[in-house]
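A quick write-up on the structure given underneath.
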Amino acid sequence: MNTRSTLLNLHAQLRERVRQAAQEQFNIALEQIPLEVPPRVELGDVAFPIAFELAKRIRQATGSSRAPRQIADILRPALETVEGVERVEVAGAGYLNVFFDRARLLAELFSEKRSSTRPAAEPEARPKRIVEHTNINPNKAAHIGHLRNAVLGDAFVRILRAAGERVEVQNYIDNTGVQVADTVVGFIHLEGMALSDVRALDQSLPVDRPFDYYCWDLYARVGLFYRNGDPDGPEDPEKLRLRAEVLHAIEKGDNEIAELADYVSMRIVECHLKTMERLGIRYDVLPRESEILHLHFWERAFERLKAAGVIRYETEGRNAGCWVMPTDLHLGTEEHEADKILVRSNGTVTYAGKDIAYQLWKLGLLGLDFYYKPFRTYPDGHRVWVTTSDAREHDPAAPKFGGGTIVYNVIDSRQSYTQEVVKRAVAALAPEVGADASVHLAYEMVALSPAACEELGIELSEEDRARPFVEMSGRKGLGVKADDLIDQLEAGALGEVEARHADLTEEEKRAVAHEIAVGALRYFLLKWTRNSVIAFDFKEALSFDGETGPYCQYAAVRAGSIFRKLDPEVRERAATMIEDALRNGETADLLRRVFASESGDELWTLVMLAARLEEVIAQAATAAEPAHLAKYAFQLAKAFNLFYHRHRIIGEEDAVKQAVLIAIADLVRRRLTEALNTLGISVPERM
RNA sequence: GCACCCGUAGCUCAGCUGGAUAGAGCGUUUGACUUCGAAUCAAAAGGUCGCAGGUUCGAGUCCUGCCGGGUGCACCA
């Protein structure tokens, strides 16, 4: 188990007392004891609205009614004797409001010197969770929609790890799909290139227009090519035949086209990983679709699906000759079939089928495994592995991948239906594992605001202009490339840094600008909840003011600068005094006096907010919603900025008050930094 | 047609398993740098939480029905 924080411990004790008291006083067994934070600090630090619930239960059990306030009064003594509680009040219609011993709690929180290195006790012993994210088709440069996926997935990974979980990160590579085929069609039929030509071209490209950028444009040209130059025209069956040929050759393998496709796709994967590393996003393993095919994962899954009666062969009707999985997810109509086709009448498997096989492997239910070889090593030594179907290439040093207890798939909510099919198929094959082991971590798309389209020089129809957003389209080359956006953010941040810190070296300035750019971008993508469509707007995304990453970073930097300038002796004396309050009642009384003063409530509110970090991380992990943590980080930064504005720490003359201010600033600095790190945002020394 | 998601301040969005007087950012108006950094802070204005019922001691939150918007329902991935 993870080391419990001071605050969570107190919560647990209070809940237990409520449970006992309800049992002893009213003979009622409570399953859940809701605990809430009162709207204002004058109403206490935590509140239990449990008397209302008990009033109802007592009436149901005995027929006699008791006033909630009276019930709360009876429960009160049980809470008052908990260590760390100063007093308990009954308020409103029957709330039990608990007030903590501020001096004691501050001292305890201050002494938790663990910050970001807090060891989650033996995560190795925890059941493995797998998070799959990024999953970009390897045929063109990444755009901001892909970034939302990767940043969301990566933040979630960090949140799980902060909560003490063991996590494996996978990035699925669809290297044999239609989109790769399209780019390959471009090289062969539009450019007239063979593998050697593509290699030479790749070598000759300028750094600011690398291979993935080239393919971005080429892919858009292929889209036009299929439609004979008219973006809104019909697709030409003759041209589509070229795609089918290429796709077939890729799937078959062991030929020149497949080699070309392999070069293109893996070069693009390299580009994607480079882009993602700019944002601090890394992976453990890259499972590839080519291996799912060549190592016959599908055949194994197919046999089991047939044996279990999960799928059936259609002999008549529209789906004659296909293997389908019946579903009741929606009703079938003339236009739409209710059943999901897994094997086409020509014998080939659909995406959903392959995904079922892959999901079974991820859960350790398939009974087959990939071979693995190293793909690349990050500067700190962390290695990413890629799958291979060639046993001779297998590196025995490879860790054991797959076999997760819970698998989170970070995938666009537009794929909810397919994900539901996959989940149900797995649950039908392995009822002991069930549907809950497969989690679709769905999120809404990133679209473009009309203003963003204008800035990109995209012509909008009357109709589109009236809409709140316009969907991006890789096929049309319509979108904001990830690296372009990061470049713009870095340029903007560099300008701000230069204006403030002319004394830094070029290298230092660029490093700080990079941290700010990453902070801005990651926060921008995380501040929205998952089911909110992001209408991308340049002005908003490039802003460093208001609810942004740099705002949060700035608060932490200011806190840091206090400690850079604070006399170490003063700091040491303050720490000694605060810790002494844990043992010495007189010292504790001195601290209590500070909290009882005019600004006491305001100071305490900040302490309680900072104390809530673990709770928020746990909640973000359970809800799989990093936005909760992002909102919290902003709230904490905002509260700190207010504190910073109202109190002079270094110049404070009252030694006791100064000690309290120092302890609070230190606590908030540590908590804010940890919250930001858990979102993948670092805090520079200066900015 | 069916399924899922969303309607909260001028705009963009929060609102944890139902809880006390519905909150932020942007924008608007007005103030605060001789101070540990103004990428900051403060104040003002801004709301029938889409509409109508229901459950509950209590509903922005849960249920039903409408209205409005988005997405999906491929022998694409």
Side-chain angles (χ1 to χ4, degrees), chain A residues 32 34 36-40 43 47 49 52-53 55-56 68 91-95 97 137 174 177-179 289 318-319 321-322 324 327-338 340-348 350-352 354-355 412-418 420 442 444-445 447 449 467-469 471 493 496-497 499-500 516 527-529 531-535 537 539-540 543-548 550-551 553-555 557-559 561-566 615-616 619-620 622-623 625 627-628 630-631 634-635 638 641-642 644-652 665 686-687:
Chain A
Q32 289 212 321
E36 57 174 284
V37 179
R40 293 184 311 282
L43 293 173
F52 307 113
E53 167 79 11
K56 193 195 323 183
Y95 288 93
N97 291 345
N137 269 305
D174 182 5
V178 176
Q179 294 215 23
E289 185 173 81
R318 181 173 16 197
N319 293 339
C322 300
V324 304
T327 74
D328 56 355
L329 293 172
H330 56 84
L331 292 179
T333 61
E334 299 263 321
E335 271 179 275
H336 303 295
E337 200 65 43
K340 184 71 190 170
I341 291 169
L342 299 186
V343 180
R344 304 180 185 103
S345 55
N346 67 5
T348 56
T350 63
Y351 166 79
K354 282 180 278 195
D355 216 28
D412 192 320
S413 63
R414 285 173 288 191
Q415 292 191 41
S416 296
Y417 171 64
T418 317
E420 192 60 29
E444 277 291 346
M445 64 174 155
S449 71
R467 291 158 57 99
F469 54 80
E471 199 174 339
E496 300 285 337
V497 173
R500 290 172 175 78
I516 294 169
K527 72 175 180 179
W528 325 79
T529 48
N531 54 20
S532 168
V533 176
I534 299 178
D537 181 80
K539 185 170 168 287
E540 212 177 338
S543 168
F544 299 150
D545 301 326
E547 196 194 341
T548 65
Y551 174 95
Q553 289 171 311
Y554 184 61
V557 167
R558 282 171 133 188
S561 74
I562 294 171
F563 290 95
R564 213 171 37 242
K565 299 196 175 166
L566 184 66
E615 196 185 326
V616 173
Q619 189 213 335
T622 310
E625 184 57 275
H628 291 325
K631 294 279 175 192
F634 174 67
Q635 230 186 324
K638 200 165 123 72
N641 273 332
L642 177 59
Y644 181 90
H645 187 255
R646 290 205 181 149
H647 304 279
R648 297 292 91 154
I649 293 169
I650 293 177
E652 176 58 49
R686 304 164 69 183
M687 67 182 277

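In what follows, chains carry the letters A, B, and so on, assigned in the order in which the sequence lines appear, proteins first and then strands, with residues in each chain numbered from 1. Quantities reported herein were computed from a predicted structural model and do not represent experimental measurements.
- With a 3.5 Å ceiling on both atom-pair distances, the Watson-Crick or G-U wobble partner of B:A24 is B:U12.
- Base orientation of B:C51: anti, the glycosidic angle falling outside 90° of 0.
- The nucleotide whose nearest atom lies closest to any side-chain atom of A:Phe52 is, among B:C41, B:G37, B:C57, B:C57.
- Out of B:G37, B:A20, B:C5, the shortest distance to the side chain of A:Arg500 is found at B:G37.
- Closest to the side chain of A:Lys631, out of B:G37, B:C13, B:C41, is B:C13.
- One P atom belongs to B:G58, the other to B:U21, and the distance between them is 14 Å to the nearest Å.
- Residue contacts for A:Arg414: at a heavy-atom cut-off of 4.0 Å it reaches the sugar-phosphate backbone alone, with no base atom in range.
- Between B:G60 and B:C51, the two C1' atoms lie 15 Å apart (nearest whole Å).
- With B:A20, B:C75, B:U21 as the candidates, the nucleotide lying closest to the side chain of A:Arg40 is B:U21.
- The closest donor-acceptor contact from the side chain of A:Asn97 to the backbone of A:Ala47 lies at 3.5 Å or more, if one exists at all.
- Nucleic acid contact for A:Glu289: sugar-phosphate only, since backbone atoms but no base atoms lie under 4.0 Å from a heavy atom of the residue.
- B:G19 and B:G53: their C1' atoms are spaced 23 Å apart (whole Å).
- Put simply, OH on A:Tyr351 is 14 Å from C1' on B:A74, counting in whole angstrom units.
- Using a 4.0 Å heavy-atom cutoff across all strands shown, A:Ala47 reaches at least one base atom of the nucleic acid.
- With a cut-off of 3.5 Å on both Watson-Crick or G-U wobble distances, the partner of B:A59 is given as none.
- Judged by distance alone, with hydrogens and angles left aside, A:Asn641 brings no side-chain donor or acceptor close enough to the base of B:A38 to form a pair under 3.5 Å.
- A:Ile516 comes within contact range of at least one nucleobase, with a heavy-atom separation under 4.0 Å.
- Taking the six-membered ring where the residue is Trp, A:Phe52 and A:Tyr95 present perpendicular rings, their angle passing 60° and hence far from 30°.
- Spacing of C1' atoms, B:U17 relative to B:U61, comes out at 11 Å, to the nearest Å.
- Using a 4.0 Å heavy-atom cutoff across all strands shown, A:Val616 reaches no nucleic acid atom at all.
- Between A:Asn319 and A:Ile341 there is a side-chain heavy-atom pair separated by less than 4.5 Å.
- Distance, A:Glu444 CD to B:C13 C1': 14 Å, rounded to whole Å.
- Atom pair A:Asp545:CG and B:C26:C1' shows a separation of 10 Å (rounding to whole Å applied).
- Using a 4.0 Å heavy-atom cutoff across all strands shown, A:Gln553 reaches no nucleic acid atom at all.
- The listed nucleotides are B:A39, B:A20, B:G72; the one nearest the side chain of A:Leu43 is B:A20.
- Between A:Lys631 and A:Glu547, at least one side-chain N (NZ, or NE/NH1/NH2) sits under 4.0 Å from a carboxylate O, which counts as a salt bridge.
- Between B:G23 and B:U8, the two C1' atoms lie 10 Å apart (nearest whole Å).
- Checking side-chain atoms of A:Ser543 against main-chain N and O of A:Glu540 turns up no donor-acceptor pair under 3.5 Å.
- Taking the centre of each ring, A:Phe544 and A:Tyr551 stay at or above the 6.0 Å mark.
- Positionally, the nearest nucleotide of RNA chain B for A:Glu547 lies more toward the 5' end than for the other of A:Glu547 and A:Ala352.
- Side-chain atoms of A:Tyr351 and A:Glu289 include no donor-acceptor pair closer than 3.5 Å.
- For A:Tyr551 and B:A39, the ring-to-base geometry does not satisfy the stacking test (centroid distance below 5.5 Å, interplanar angle below 30°).
- The distance from atom CD of A:Gln32 to atom C1' of B:C16 is 13 Å, rounded to the nearest whole Å.
- For A:Ile341, counting side-chain heavy atoms from C-beta on, the closest listed nucleotide (B:G37, B:A20, B:C75) is B:C75.
- With both pairing distances under 3.5 Å, B:G1 is matched to B:C73 as a Watson-Crick or G-U wobble pair.
- Distances were taken from every side-chain heavy atom of A:Phe634 (C-beta onward) to each of B:A24, B:G19, B:C41; the shortest belongs to B:A24.
- In this structure, A:Asn319 atom CG and B:C75 atom P are separated by 7 Å, rounded to whole Å.
- Distance noted for atom P between B:U56 and B:G18: 16 Å (whole Å).
- Distance CG (A:Asp412) to P (B:G70): 17 Å, rounded to an integer number of Å.
- The side chain of A:Thr418 sits closest to B:A77 out of B:A77, B:U40, B:G19.
- For A:His645, taking side-chain heavy atoms from C-beta onward, the closest of the listed nucleotides B:A20, B:C41, B:A39 is B:C41.
- Base engagement by A:Pro39 is indicated by at least one non-hydrogen atom pair under 4.0 Å involving a base atom.
- The minimum heavy-atom distance linking A:Val616 with A:His628 is given by the pair CG1-O, 4.0 Å.
- Across B:A77, B:U71, B:C16, the shortest atom-to-atom separation from the side chain of A:Glu471 is found for B:U71.
- For the pair A:Tyr417 and B:G72, the criterion of a side-chain N or O lying under 4.0 Å from OP1 or OP2 is not met.
- Contact annotation: A:Ser561 reaches the phosphate of B:G37 (side-chain N/O to OP1 or OP2, under 4.0 Å).
- A 3.5 Å limit on both hydrogen-bonding distances identifies B:A52 as the Watson-Crick or G-U partner of B:U64.
- Looking at heavy-atom distances under 4.0 Å, A:Ser532 makes contact with sugar-phosphate atoms alone, never a base.
- Nucleic acid contact for A:Leu642: sugar-phosphate only, since backbone atoms but no base atoms lie under 4.0 Å from a heavy atom of the residue.
- Nearest-nucleotide positions on RNA chain B for A:Arg646 and A:Val37 put A:Val37 closer to the 5' end.
- Atom CD in A:Glu420 sits about 15 Å away from atom C1' in B:C2, given to the nearest Å.
- Residue contacts for A:Lys527: at a heavy-atom cut-off of 4.0 Å it reaches no nucleic acid atom on any strand shown.
- Distance noted for atom P between B:C62 and B:U71: 24 Å (whole Å).
- What you find for A:Pro49 and A:Glu36 is that their closest heavy atoms are CG-OE2, 3.1 Å.
- Remark: A:Arg414 engages A:Asp412 in a salt bridge, criterion side-chain N to carboxylate O under 4.0 Å.
- Atom CG in A:Asn531 sits about 5 Å away from atom P in B:C6, given to the nearest Å.
- One can find a donor-acceptor pair under 3.5 Å joining the base of B:C75 and the side-chain atoms of A:Ser345.
- The separation of B:G25 from B:A52, taken at their C1' atoms, amounts to 33 Å, rounded to a whole angstrom.
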